[in-house]
Amino acid sequence: MPSTVRTRFAPSPTGYMHIGGMRTALFNWLWARHNKGQFILRIDDTDQARNQEAALGPILRAFRWLGLDWDEGPDVGGPYAPYYQSQRGELYRAAAEKLEATGQAYRDYATKDEIDADRKQAEREKRPYINIRRSLELTDAQKAAFTAEGRPWVLRFLIPRGQKVALDDHIRGHVEWETALLPDPVILRGDGSPLYNFATVVDDAQLQITHVVRAEEHLSNTPVQILLHQALGNTLPEFAHVPYVAAPGSKEKLSKRKIDQYRKNPQFKKMFEKADEVFGQLGLTGSAALDPVMVEYYERVGYLPAAVLNALGRIGWSLDDSTEILSLETMIEHFTLDRVVQAPAGFDPDKLYSFQGHWMKELPLADKLDGCLPYLVQAKLLAEPVSEPMRKFVEAIIVGLGERLKVFSDILAADYFFRDDFAVDEKNFDKRVRKEGVPAHLAAFRRRLQSVEPFTVPAIESALQAYCQETGEQTGTLIHALRLATTGQPVGPGVYDCLVLLGREKSLARIETALARCRT
RNA sequence: GGCCCCAUCGUCUAACCCGGUUAGGACACAGGGUUUUCAUCCCUGCAAUGCGGGUUCAAAUCCCGCUGGGGUCACCA
């Protein structure tokens, strides 16, 4: 038995990485790293229908994006390879034979119809359903006859009835079950393939997993797994059942199946709207394929791994009574299972957004540039390859945007720096430009702009101050009017920054266009 | 319905294990200030121990019950 801590995350290839599952994976990873142990990725693809190579891609991509590396698993291999359940058939077969040979598992010839009838009968009588062990009554002659005629069967684990299974969970504490209430689980299908509850036990033992850290919906699977481990003579791993991640503002498990109703969830709503907006500009099909339950959503909208990790780490876990900002390093240093809370926790998009603000602020300018550029290219606002002067230009915009740039895709809101056919916010244009006296001031100040030297922020600012001083007009009037005229938007970088970024020529032209617009 | 889990501000949580805090922090929200916009930043405010019994000088904290919420009951994982 290795002395080192070994944890695992065992996703089944579903084609996307669930944000809640990611939190569970993070806790596994953190516990392994905290103890300088190993984190293993194992692919639970025993269900043939789900076994597709393409369905695994997004999951590995999510781990890589967040920087959660695995010591053993797909691509990297390891001493207990292979790490795909679909390739570990021999292990399950051997374990199943062992159980059958020792009388701890039996072939069940019951048909589906029979079982359904039993179940309904139990329901009618209002008693818990426990499978009827008819096949156990079979004589050797009958069994031989069934085998001879090729009658289908499944292998069931024989639950030792009349005892208690106890678990001392790292998070839930002491939990007990009565084995009399546990039906004999099928461990091998008719075609000989293993079922989850069995495969996971065989794998956890063979992979020398020391701590099974998983979501609490697996708690009810645990007694069967413990019994299976005992029957196999395995050393029992320790268990930690973490609360599941709930939908924002609820206690219900966050589920991909409820995605349509999440669109109406007030907090999720903003995220869907953001997706529609961003993916629309990127020429993608909208948020239909990408939603906030998937990790990929956050990557594509331009969130930072540090922010997502920070938010995930604070769902159901805390360092102390006041620390909110957590880097991965800090979490590794302090993460312990006993500080994981017991109650389910709602995922909070607002809080994630706030963490994102923090980590974006910390990000070096060069990294912000690298993060923004791909959006501009994909939205066709920039052509590839991006020239050095253009990179400098975008960098200057990012500086001007300051903390208004929360997620990378926010750079798309500054599209007016890249195109002349930018959208004009009509409502604000009416309010700030198309107003008594304003066009005249705009025209007059435009003339001064023609001769401001040099065309820099301080020079333009003093020119505007001087103009207002002379005319007695409020600076705010000019500032707002200039912004709407040159960018079409009521918000953005400082106006002087905008003018400089645009350059004298474009600034003058846009003011002229705005003036013309006022006359129509 | 059976089994199991859970219960502190709107949300995430601290304090619970080892009873004694004006029940702390953060997000959100509201108000004020700075930036003559917006965002940022600063200040202030709002706001919680589900209910009922015990035990105790003292209960968010220990015990019991209730209520409520949730998970799970497959030849899915």
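Note that this is a predicted model, so its numbers are computed, not measured. The sequence lines fix the lettering, A, B, ..., with proteins before strands; numbering per chain opens at 1.
- For RNA chain B, the residues of residues 396-406 of chain A within the heavy-atom distance limit of 4.0 Å (strictly under) are A:E403, A:R404, A:K406, sorted by number.
- Spacing of P atoms, B:U72 relative to B:U55, comes out at 40 Å, to the nearest Å.
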Short heteroatom pairs, N/O only, protein and nucleotides 5-10 of chain B, under 3.5 Å:
residue	atom	partner	partner atom	Å
B:C5	O2'	A:R172	NE	3.4
B:C5	O2'	A:R172	NH2	3.3
B:C6	OP1	A:Q342	OE1	3.3

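- The gap from the P atom of B:C41 to that of B:A28 amounts to 9 Å, rounded to the nearest Å.
- When the P atom of B:U35 is taken as reference, atom NE2 of A:H480 falls 14 Å away, rounded to whole Å.
- Comparing the C1' positions of B:G33 and B:G69 gives a spacing of 43 Å, expressed to the nearest Å.
- Residue A:R119 is classed as a sugar-phosphate contact, given heavy-atom separations below 4.0 Å to backbone atoms only.
- Two residues, A:V154 and A:E461, neighbour RNA chain B, and the one matched to the more 5' nucleotide by heavy-atom proximity is A:E461.
- Between the side chain of A:K351 and the base of B:A26 there is at least one donor-acceptor pair of N/O atoms closer than 3.5 Å.
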Intermediate values then yes/no, side chain to side chain donor-acceptor pair (under 3.5 Å), A:Q85 and A:R88: CA-CA 5 Å; A:Q85 286 189 331; A:R88 295 165 64 85; over 6 Å; no
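- Separation of the C1' atoms belonging to B:C76 and B:A39 is 47 Å when rounded to the nearest angstrom.
- Relative orientation of the A:H170 and A:H211 rings is tilted, given thresholds of 30° and 60° on the angle between their planes.
- Look at the P atom in both B:A7 and B:C63: the space between them is 12 Å, to the nearest Å.
- Taking atom C1' on both nucleotides, B:U49 is separated from B:A15 by 11 Å, rounded to a whole Å.
- Residues in residues 153-164 of chain A take part in these side-chain hydrogen bond (donor to acceptor under 3.5 Å, both in side chains) pairs, two or more places apart or across chains: A:D108-A:R156.
- Across the P atoms, B:C17 and B:G53 are found 23 Å apart, a figure rounded to whole Å.
- Taking atom CG of A:D410 as the reference point, atom P of B:U40 lies 12 Å away to the nearest angstrom.
- B:U67 is paired with B:A7 under the criterion used here, namely a Watson-Crick or G-U wobble arrangement in which both key atom distances are under 3.5 Å.
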Stepwise salt bridge (Lys or Arg N to Asp or Glu O under 4.0 Å) test for A:D348 and A:R314: CA-CA 10 Å; A:D348 187 347; A:R314 281 292 287 112; over 6 Å; no
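- Residue A:G316 is in sugar-phosphate contact alone, with no base atom involved, counting any heavy-atom pair closer than 4.0 Å across all strands shown.
- Both tests hold for A:R23 against A:F27: distance to the six-membered ring centre under 6.0 Å, angle to the ring axis within 45°.
- For the P atoms, the distance linking B:G70 with B:U11 amounts to 14 Å, nearest Å.
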